[in-house]
Amino acid sequence: AVLEIGGASLVLTHDMIVEGVHFLPTDPAGDVAWKLVAVNLSDLAAKGARPVGALLGYSLGAEPGWDAAFVAGLRLALGTFGLALLGGDTVAVPPGGARSFGLTLLGEAKGAVPSRSGARPGDILWVSGSIGDAGAGLRTLRGEINGGEALKERYRLPRPRLETGQKLAPLVSAMMDISDGLLIDAARMAEASGLAVTLKLENVPLSSDYIAAIGEGRRARLDAATAGDDYELLFAAGEDSVASIAALAEELALSLTPVGRFGSGSGIAITFHGEEEPLPARLGYEHAGMPIDQAP
């Protein structure tokens with residue numbers, strides 16, 4: 001939500017994470033705290049906002065050591081991003097109950113605040129960083145692939161693109177973060193903007209760690225584009241912003257990659273080296289409460 005107060009834009013966001021749905025029961029408590037903060041900050045990044053403060057809803061379990069490690073991780077995350085903990089609430093969880101945590105963040109944005117609904121016909125669709133690493137990290141933790149520590153870290157310790165979002169905000173027509181998967185979130189931006197979008201699968205940026213673990217062919221790119229938990233920025237911009245975006249990528253030493261284009265119509269289409277591809281049955285993560293250990 002964006003509220004205009006006294007000439008300033010106050011940005012508010014709230015996200016929850018639940019054990020067995022958004023994080024594994026075996027994930028370190030400190031990493032869970034980091035992820036809770038980071039996924040919320042990613043929403044502020046998509047608005048070009050500077051974080052101001054946080055309110056925490058905490059489920060207190062029966063393991064004091066786990067709770068202490070969570071607090072240590074929370075302190076590290078808040079300190080890393082210069083975020084003040086303003087307050088919140090704590091509730092006890094019955095023995096054996098799944099842990100759940102909610103965080104509300106307040107941010108401040110100056111100038112134009114991009115939404116997901118502002119894309120225009122002819123705009124280019126861009127993504128920051130690399131796609132699919134977190135999904136590969138989850139598969140590594142499940143024992144499905146041998147992906148290595150870097151991919152596990154991308155799953156457990158996402159890095160919100162705060163500076164990137166603040167510098168992109170004046171250049172874009174629409175922006176959001178990629179939380180549920182590149183394909184499903186691109187489709188959401190197109191729908192919100194009343195447009196169609198075509199995504200070039202060969203342009204989906206993959207890290208060297210991902211390529212080493214899974215590959216870089218059609219199937220690997222499709223897996224990356226539907227995996228979710230990337231917390232990269234997805235944004236639309238006109239041709240007149242290409243040079244400025246390229247200069248920003250060089251300044252930040254971060255890849256900003258064009259992956260598609262918006263046009264009239266509705267829905268999403270994907271191509272691979274010029275040939276149209278059938279859409280997968282699953283575009284990304286759907287919020288239906290599916291346990292993480294059963295997600296496809």
Is there a salt bridge (charged side-chain N to carboxylate O under 4.0 Å, His left out) between E191 and R188 once you walk through the steps? CA-CA 5 Å; E191 181 179 12; R188 288 167 176 162; over 6 Å; no
Determine, step by step, whether T226 and L182 satisfy the side chain to side chain contact (heavy atoms under 4.5 Å, CB included) criterion, reporting the C-alpha distance in whole Å, the side-chain angles of both residues, the deciding distance to 0.1 Å, and the verdict. CA-CA 6 Å; T226 56; L182 171 58; over 6 Å; no
Side chain to side chain contact (heavy atoms under 4.5 Å, CB included) assessment of F23 paired with V18: CA-CA 7 Å; F23 65 93; V18 179; 5.6 Å; no
Apply side chain to side chain contact (heavy atoms under 4.5 Å, CB included) to the pair F272 and K200, showing each step before the final yes or no. CA-CA 6 Å; F272 188 56; K200 294 183 177 181; over 6 Å; no
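Remark: T13 pairs with D43 by the side-chain hydrogen bond (donor to acceptor under 3.5 Å, both in side chains) rule, at least two apart or across chains. Shown here are the salt bridge (charged side-chain N to carboxylate O under 4.0 Å, His left out) partners of E202, two or more places apart in sequence or in another chain: there are none. In this view, F81 and W34 satisfy the ring-ring contact (aromatic ring centres under 6.0 Å, His included) rule, not counting sequence neighbours. By the ring-ring contact (aromatic ring centres under 6.0 Å, His included) test, F262 is found to be paired with no residue, residues two or more places apart in sequence or in another chain being considered. Listed by chain and number, the residues in a side-chain hydrogen bond (donor to acceptor under 3.5 Å, both in side chains) with E250 amount to none (sequence neighbours excluded).
The line from CD1 of I211 to CG of L206 is 5.0 Å long, rounded to the nearest 0.5 Å. Taken from CG in L199 to CD1 in I270, the straight-line distance is 7.5 Å, to the nearest 0.5 Å. Atoms CD and CZ, on E153 and R159 in that order, are 8.5 Å from each other to the nearest 0.5 Å. In this structure, D89 CG and L55 CG are separated by 10.5 Å, a value rounded to the nearest 0.5 Å. The NZ atom of K47 lies 13.0 Å from the CG atom of L10; values are rounded to the nearest 0.5 Å. Going from atom CZ of R161 over to atom CG of D230 covers 10.5 Å, rounded to the nearest 0.5 Å.
Hydrophobic cluster of V71: no remaining members, since no ILVMFWY side chain lies below 4.5 Å from it. Here V91 is tied to no hydrophobic group at all, with no ILVMFWY side chain closer than 4.5 Å.
No donor-acceptor pair closer than 3.5 Å links the side chain of D27 to the backbone N or O of V32. Within the 3.5 Å criterion, the main-chain N or O of A150 finds no donor-acceptor partner in the side chain of D209. One N or O on the side chain of D185 and one on the backbone of D180 form a donor-acceptor pair closer than 3.5 Å. Under the 3.5 Å distance criterion, the side-chain polar atoms of Y210 are matched with a main-chain donor or acceptor of A220.
Comment: E239 engages R261 in a salt bridge, judged by a side-chain N to carboxylate O separation of less than 4.0 angstrom. The existence of a salt bridge linking D223 and R219 is confirmed by a sub-4.0 Å separation between a basic side-chain nitrogen and an acidic carboxylate oxygen.
A single hydrophobic cluster is not seen to contain both Y231 and V259; linkage of ILVMFWY side chains at heavy-atom distances under 4.5 Å, directly or through other members, places them apart. Following chains of ILVMFWY side-chain contacts shorter than 4.5 Å, one can reach I17 starting from L85, so the two form part of one hydrophobic cluster. The hydrophobic cluster containing L157 also contains L162, counting ILVMFWY residues as joined when their side-chain heavy atoms lie under 4.5 angstrom apart, directly or transitively. Linking ILVMFWY side-chain heavy atoms closer than 4.5 Å, directly or via other members, places L44 and M16 in two distinct hydrophobic clusters. Taken together through direct or relayed side-chain contacts under 4.5 Å among Ile, Leu, Val, Met, Phe, Trp and Tyr, L234 and V39 form parts of separate hydrophobic clusters.
Residues S59 and D67 approach most closely at O-OD1, 4.4 Å, considering heavy atoms. Heavy atoms only, all atoms of each residue included: V197 and A190 are closest at CG1-CB, 3.8 Å. Closest non-hydrogen pair, A237 versus S241, comes out as CB-CB, 4.0 Å. Listed here is the closest heavy atom pair of A269 and L279: CA-CD2, 4.5 Å. The shortest non-hydrogen separation linking L256 to P258 is O-CD, 3.9 Å. K152 and L141 get closest at one heavy-atom pair: CD-CD2, 3.8 Å.
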What pairs of donor and acceptor atoms, side-chain ones from residues 167-177 against any protein atom, are under 3.5 angstrom apart with sequence neighbours left out?
| unit_1 | atom_1 | unit_2 | atom_2 | d |
| --- | --- | --- | --- | --- |
| K167 | NZ | E163 | OE2 | 3.1 |
| K167 | NZ | E251 | OE2 | 2.4 |
| S173 | OG | D123 | OD2 | 2.5 |
| S173 | OG | A236 | O | 3.2 |
| D177 | OD2 | S42 | OG | 2.8 |

Could you give the side-chain donor-acceptor pairs of residues 124-139 under 3.5 Å, partners two or more places apart or in another chain?
| unit_1 | atom_1 | unit_2 | atom_2 | d |
| --- | --- | --- | --- | --- |
| S128 | OG | E232 | OE1 | 2.6 |
| S128 | OG | L233 | N | 2.9 |
| S130 | OG | D133 | OD2 | 2.8 |
| S130 | OG | R154 | NH1 | 3.2 |
| D133 | OD1 | S207 | OG | 2.7 |
| D133 | OD2 | R154 | NH1 | 2.8 |
| D133 | OD2 | S207 | OG | 3.3 |
| R139 | NE | E144 | OE1 | 3.4 |

Could you go through residues 112-119 and list every donor-acceptor pair under 3.5 Å that involves a side-chain atom there, pairing it with any protein atom two or more places apart or in another chain?
| unit_1 | atom_1 | unit_2 | atom_2 | d |
| --- | --- | --- | --- | --- |
| S115 | OG | S117 | N | 3.2 |
| S115 | OG | S117 | OG | 2.9 |

Could you go through residues 95-111 and list every donor-acceptor pair under 3.5 Å that involves a side-chain atom there, pairing it with any protein atom two or more places apart or in another chain?
| unit_1 | atom_1 | unit_2 | atom_2 | d |
| --- | --- | --- | --- | --- |
| R99 | NH2 | E63 | OE2 | 3.1 |
| T104 | OG1 | H14 | ND1 | 2.6 |
| E108 | OE1 | R50 | NH2 | 2.7 |

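Legend: side chain to side chain donor-acceptor pair (under 3.5 Å) pairs involving residues 262-274, not counting sequence neighbours: none detected.
In this structure the side chain of D229 never reaches within 4.5 angstrom of the side chain of P158, judged on heavy atoms. Side-chain atoms of I245 and F235, non-hydrogen and from C-beta on, do get closer than 4.5 Å to each other. Using a 4.5 Å heavy-atom cutoff, the side chains of Y155 and K35 are in contact. In this structure, the side chains of L3 and S9 stay at 4.5 Å or more apart for every pair of heavy atoms.
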